[in-house]
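The next block holds one structure in the form of structure tokens; read it before the comments.
Each ligand, and each atom within it, is numbered from 1 in the order the structure gives.
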Amino acid sequence: MYTTRRNFIKQSIGAGAMILGSAFVSRSQGVLKEKVLDKKLGIALIGLGYYSTEILAPALQETKNVYLAGIVSGAMDNEQYWLEKYNIPRRNVYNYENFDSIADNKDIDIIYVVLPNSMHKEYTIRAARAGKHVLCEKPMAVYAADCEEMIKACKDNNVRLSIGYRMQFEPHTQEVMRYGREKVFGDIKYVTASAGFINQSPKTHWKLQKAYGGGVLMDMGVYSIQGARYTIGEEPVSVTAQQYKTDPERYSEVDEIVTMQLTFPGGAIANLMTSFNVSTNMLYAAAERGWFDMNPFSSYRGIKLRTNNGPVELADINQQARQMDEVAWCIVNNLPMRVPGEEGLRDLKVVEAARKALASGKKENII
Ligand code: NAD
């Protein structure tokens, strides 16, 4: 039995626990109030590479409900840079070996796992066992079974888990989700989306290595899969997939370009493309009574939404700051997460079926 997104949102956002669309605000006596905690939660980043350095740490300078309290640093990282730039006390600096002792650190409430994909599972589970809430980057893990273990570890240790699907916090994307949910243009019949960039990393980079959960389907394909799922508002039931390699030597271990076709229970289909050899970033939906598109649809800023009625302009927010603030708010107020672990699991189920379809050349069911 597949849960539609509409039912899922109904189930996961209870009465009195409403997160009002794009505005991260609450309604009190008819007045919209920004949701700001009395005391910020402390976050520690593990995986201090591109995304943490260039995007998350700067976003944490804009957050109202969380602050950068600590780091978990490895051999590849420039610990001194972090200590000086962000004034992080030494007592809040860990390494991969002593990470579990973070359990005793009251400054740290949330661990943000920003490691290579194959390491998400181990560090999410270790964080949960240390009694810390977890924000884990996308894709959640390499296999669906890993996601299930991560969800269980967080439940067993009574900590919250959310996945880094930042687009779900973005106002234009939330508007598109509403089009699907409320059938603003009638039933959506067709979605096409593409997500790609020109990957110039050396072949030794983890994104080009199978053992680390590399490959384009895992890295960028999940954006197009998410896009189809949140636009149509249903869970796909089958997938066919094809792959192409312009540089088989460079991409000897992982996929370089993948196309996929998904079918949905209500009759919609999606045609998706993801690539490490071209920059592409768009989503288009054709519905019974109109169309809409986002181009770009998955950038950090500047999402552009149009419908057959014209452009739709909403606030251009810092997605990562919004995401971390909302996660902290939901932790403190014990509210459902907008992007719980189950959301990462759903994408991994599609990825697994797509891997099977690539190998078999046949249509595979998503189970
Ligand atoms: P990166 O290669 O720049 O950094 C990875 C970091 O992990 C390293 O700097 C290091 O601190 C750590 N690490 C530990 N062991 C390692 C090992 N054996 N090999 C390599 N690194 C090791 O990667 P990134 O681009 O920052 O991506 C990290 C995660 O964040 C990935 O899961 C990726 O999908 C995700 N991400 C998400 C977004 C988003 O928009 N949500 C954007 C970029 C990356």
Using a 4.0 Å cutoff against the non-hydrogen atoms of [X], which atoms of ligand 1 qualify?
X: Leu48; answer: 9 (O), 11 (O)
X: His205; answer: 2 (O)
X: Val114; answer: 28 (C), 29 (C), 30 (O)
X: His120; answer: 32 (O)
X: Asp77; answer: 9 (O), 10 (C), 11 (O)
X: Asn117; answer: 31 (C), 32 (O), 34 (O)
X: Gly164; answer: 41 (N)

What protein heavy atom is closest to [atom], reported as residue, atom name and distance in Å?
atom: atom 22 (C) of ligand 1; result: Met76 SD, 3.3 Å
atom: atom 30 (O) of ligand 1; result: Glu137 CG, 3.4 Å
atom: atom 40 (O) of ligand 1; result: Arg166 NE, 2.6 Å
atom: atom 42 (C) of ligand 1; result: Tyr51 CD1, 3.2 Å
atom: atom 3 (O) of ligand 1; result: Tyr50 N, 2.8 Å
atom: atom 29 (C) of ligand 1; result: Leu115 O, 3.4 Å
atom: atom 6 (C) of ligand 1; result: Gly49 N, 3.8 Å
atom: atom 7 (O) of ligand 1; result: Pro116 CD, 3.3 Å

Co-members of the apolar cluster containing Val159 [side chain, <4.5 Å]: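 Joined to Val159, directly or through intermediates: none.
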Kindly work out whether a path of hydrophobic side-chain contacts (I/L/V/M/F/W/Y, heavy atoms less than 4.5 Å apart) joins [X] to [Y].
X: Tyr81; Y: Leu56; answer: yes
X: Ile269; Y: Ile366; answer: no
X: Ile257; Y: Leu208; answer: no

- request: Take Thr192 and Asn271, measure what side-chain hydrogen bond (donor to acceptor under 3.5 Å, both in side chains) needs, and give me the verdict at the end.
  value: CA-CA 5 Å; Thr192 184; Asn271 197 11; 5.0 Å; no
4.5 Å side-chain heavy-atom contact, [X] and [Y]:
X: Asp325; Y: Val66; value: yes
X: Asn199; Y: Arg250; value: yes
X: Arg301; Y: Asn318; value: yes

Any heavy atom of [X] closer to ligand 1 than 4.0 angstrom?
X: Tyr165; answer: no
X: Met218; answer: no
X: Tyr123; answer: no
X: Met119; answer: yes

- prompt: Using a distance-only test with no angle check, is there a side-chain donor-acceptor pair under 3.5 angstrom linking Gln323 and Gln319?
  reply: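 No donor-acceptor contact under 3.5 Å links the two side chains.
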query: Is the cationic atom of Arg355 (NZ for Lys, CZ for Arg) positioned less than 6.0 Å from the six-membered ring centroid of Tyr143 and within 45 degrees of its normal?
result: yes
message: Heavy atom to atom 18 (N) of ligand 1, shortest distance: which of Tyr96, Tyr112, Tyr212, Trp206 holds it?
response: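 Residue with the shortest heavy-atom distance to the ligand atom: Tyr212.
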- prompt: More than 12 heavy atoms of other residues, nucleotides or ligands under 6.0 Å from CG of Asn158: is that the case?
  reply: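 12 or below, so no.
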task: Any side-chain hydrogen bond (donor to acceptor under 3.5 Å, both in side chains) involving residues 44-54? Give me the pairs, sequence neighbours left out, ordered by first then second residue.
output: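 Listed by first then second residue: Tyr50-Tyr300, Tyr51-Gln320.
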- prompt: Which is it for Tyr223 and ligand 1 at heavy atoms under 4.0 Å: side chain, backbone, both or neither?
  reply: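 It is the side chain that gets close, since no backbone atom is under 4.0 Å.
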- line: Per salt bridge (charged side-chain N to carboxylate O under 4.0 Å, His left out), Asp107 is matched among Arg91, Arg90, Lys40, Lys132 by Arg91
